[in-house]
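What follows is one structure encoded as C-alpha cells, with my remarks underneath.
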Amino acid sequence: MWLNVFLWILYFIALYFAIFLLSIFVFEPDSKPKKLAHFPLVSVIIPAWNEEKDIRETVESAKTLNYPKLQIIAVDHGSDDNTGKILDSIQGIKVLHIKRKHSDNKAVAFNAGLKHATGEFVACLDADSSVHPEALNCMLPYFMESEKIAVVTPMMLVKEPKNLLQRLQKYEYITSLFIKRLTSHINCIYVAPGPFSVYRTNILKELGGFDENAIAEDMEIVYRIQKNQYLARQCLNGGYSYALAPRTLSSLFKQRKRWYGGSLSNLYKYKELTMNRQYGDFGFFHMPRSLLGILTVFTTLGLFAYFVLIPVLRKIYDLYLIRFEVMPYVSSYNIAVDIFDLKNTHGMFVVLILMLISLFFFVYALSTAGEKLNKKDIPTLIIFLTVYPFLLSCMYLAVVVKKAFGGKFVWHKMER
Amino acid sequence: MAREILKRRYVFVLIATIIIFLLGFFMGIVVNEKKAGVMEQMKAIQDLDDLSLQLQFTYLNSLDVNSTEGCKAIGAALEQSWINLNDAYNNLIKYKDNPDADQATARLLERNDLLNNIRYWFLLKKAKSSCELDDSVSVLFFFSEKSCSECGTQSTILEHYKKILGDRFLLFHINGDVDDAMVKILANQYSVTKYPTVVIENQKFEGVMQKEEVKKLICSKFKTEQPECAAAQ
C-alpha cells in the first residue's frame, strides 16, 4: 500500500518534469544566433598533467581551429613524464610550467593559464580531448546575444568510442546533450564540460576563475555564474568537442564519483537558489529537478530490485527446485498475452506515457546528432536502455553513501 | 533583478500532468472491471459445467444401469470442466498478483474458485467410484500464504508435475487462509495441522517434499504405467 503511494508520487513528479521538457521542445524553437561582427581574440587554455600520449594531438586540434585570432596556452602542471618536453617542442603556443602540489586539480592549472590569457574570450580544452575546427565560429555568436552571457558550452560527444562501455557513454552524451539543448532555453545550464567550454574572460576573472577546491570545478563555475546573475548558453548548431570516455568500469566509477559527488556538493553549496524567485527558472526548475533526481536514482534501484532482480532470483530458485528440467516449458511456451497479464493497472498508462516521451527524446536526440543506427547497434541500445541506468544508479548510490559518511573525493587520473 | 519565470508554463504542465494521471487512473479502473467481468463469466460457465455433471449423474443413476456410454460422456465433461477450472485459477493468480487489484473482490473470487475446486474434486470422487475413468492422480495441496514461507517451494514442484502430466495430475490448491466452512471440514477430515500438507490420493504427507520424493509418490499412485515415470531421472 505505502509502496504504491510512493510510486504514485514518483510517477507524478517524473511525468511533470518530462512534460515540462516536452513543452520546451514544442514551444521554444531553437533561434539562429547572430553573426560575428568582428573576430575577438580567443585564448585556449590546455591544462595538462602527465598527458604525453594525447597532448600533441590535443594541441594540434586547438591549432587547427578555423579562427583568425588565437592564443594557445598550454599549462604543464608538474608532469613527471614527457608532457613538458613535448609542449616545448611545439611551435606557436605559449607553454607554462608550474609546480604541482599533491592536492592540486585541473582548476589550479587552468587558473595559472587564465592569468596569462589576454583574449576577450577564453576556452578550456582538457588535455585528452579535441575540438572541431569550426567550433569557435559556431559558439562565439552566442555571446553576441547579451553581455550577460558568461559561458557557452560545446556539443560534447565521445571521442572515438571503441568498446561497449564507451559506446554506451556515447548514447548517454547524446541524450544529455539533447536535454541541455532544451534546458538552455530556460537558462538552466549547470555544467560547462572541460572539452571546450568558452568563457567571457572579464566575467570569469571577476568571479575569480575556477574554484581550486571544488570536486567538479566545471560544474561549480556554472553554478557561480548563475548565482551572480550571469547567463550560460548551450551551443546548438555545431560547436562539437570530443571527450575521451572511460574505457573500464573502474575508471568510469572514478569519473562518476567526481561528477555525482560534485553535483551533490554544488546542490548543497548553492542551496539558496532553490525556489528563489531571483534565479528564475534555474531556481524553480533546475534545482528541484536535480534534488528530486536523487530520489529518482534511489527509485530506479528499488524498482530494478523489485521488478527485475528479485523475480529473476526467484525464477532461478524455482528452476533449481525442478532440477532444471525445462523441456516441458520450452516445448509448450506460449507468447499469447491477455488482459490478465496487465499488472499495475493504474500506473501503467502513466509509465507508458513516460516511456514514450523518453523514447521520443532519445530518438530525436540521436537524429539531431546525425547518428545513424545499424542493426549491430541494437544490443548496445538495449543495454543502454536497461542495464546502464541501473549501473549509473549504483554508482550514484555509492557516491551518496560515501558523502553521507563524510568521505573525501580526490582528483584521479583517468586510466586507459 | 529577478529573472524570468515561465509561470504559466508551470501551471499548464501541472494541468497536463494531472489530466494524464487521471486518465491513467480511469483506464486502470476500466481494465480491472473488465478482468472482474471475465472472471464472472468463467464463474457462470463453471456453474453450468457443474449443473450439467450433476444432471448426468442423476439421470444415469435413475436408469440404474452401468452404462459405458454414459461414463464416457461424464469423462469428457469432467475433462472440459477441468480445463475451465484451470483457466479460471490461472486468471485468479494473475489478478491477485496485480497490486492495484481490488482486494475485497480478489478475496471473493478466491473463495469462489476454491469452492469450485472442491466441488470438482467431490464430483471426481463420485465419478471414479461409479465409472472406469482414464487413469489419473488427484492431489489436495493445503497451503497458506500468510503463515507458510515454504509453501511456494512446494507449489512450484507440484505445478511442475501438473505441467508434465497435464490432466492426469489433478492438483487442487486449498488455501487455508480462505474463511469458509467447507475448507475447515476438509482440513478436519485430513487432520491438517500444519502447512504445507499434501494429500495424494487420500494419503497425507506433511512438510515440504523435494522433487524426487514427489515424483516417486505420484508415480506409485498410477494404476497403469506412465511414460514420464519410466524415464530415468
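Computed from a predicted model, the values in this text were never measured in an experiment. In what follows, every heavy atom counts, from backbone to side chain, and hydrogens, waters and symmetry copies are set aside. Order of the sequence lines sets the chain letters (A, B, ...), proteins ahead of strands, with each chain counted from 1.
Ranking B/Val214, B/Ile93, B/Ile157 against chain A, the residue ahead of the rest is B/Ile157, based on heavy-atom pairs under 4.5 Å. Top candidate by heavy-atom pairs under 4.5 Å with chain B, chosen from A/Tyr317, A/Tyr329, A/Phe27, is A/Tyr329. Put simply, of A/Phe282, A/Phe284, A/Tyr16, the one with the most heavy-atom pairs under 4.5 Å next to chain B is A/Tyr16. Of the residues considered (B/Gln210, B/His160, B/Lys94), B/His160 shows the highest number of contacts with chain A, using heavy-atom pairs under 4.5 Å. Your options are A/Phe285, A/Trp8, A/Tyr11, and the one with the most heavy-atom pairs under 4.5 Å with chain B is A/Trp8.
Applying the 6.0 Å contact sphere to CD of A/Glu28 captures more than 12 heavy atoms from other residues, nucleotides or ligands. Heavy atoms of other residues, nucleotides or ligands lying less than 6.0 angstrom from NZ of B/Lys43 number 12 at most. A/Phe324 CZ: more than 12 foreign heavy atoms inside a 6.0 Å radius. When the shell of 6.0 Å around NZ of B/Lys72 is examined, it contains 12 or fewer heavy atoms from other residues, nucleotides or ligands. Around atom NZ of B/Lys163, more than 12 heavy atoms belonging to other residues, nucleotides or ligands sit under 6.0 Å away.
For a residue to count as touching a neighbouring chain, one of its non-hydrogen atoms must lie under 4.5 Å from one of that chain's; by this rule B/Tyr10 touches chain A with backbone and side chain alike. Of the two parts of A/Ile353, only the side chain, counted from C-beta on, holds a non-hydrogen atom closer than 4.5 Å to a non-hydrogen atom of chain B. At a 4.5 Å heavy-atom cutoff, the contact between A/Ile24 and chain B is made by backbone and side-chain atoms alike. Both the backbone and the side chain of A/Asn187 come within contact range of chain B, with heavy atoms under 4.5 Å apart.
Scored by the side-chain contact (heavy atoms from CB on, under 4.5 Å) test, A/Leu292 finds A/Ile13, A/Phe17, A/Leu295 as partners (sequence neighbours excluded).
The shortest distance between side-chain heavy atoms of A/Asn276 and A/Met287 does not fall below 4.5 Å.
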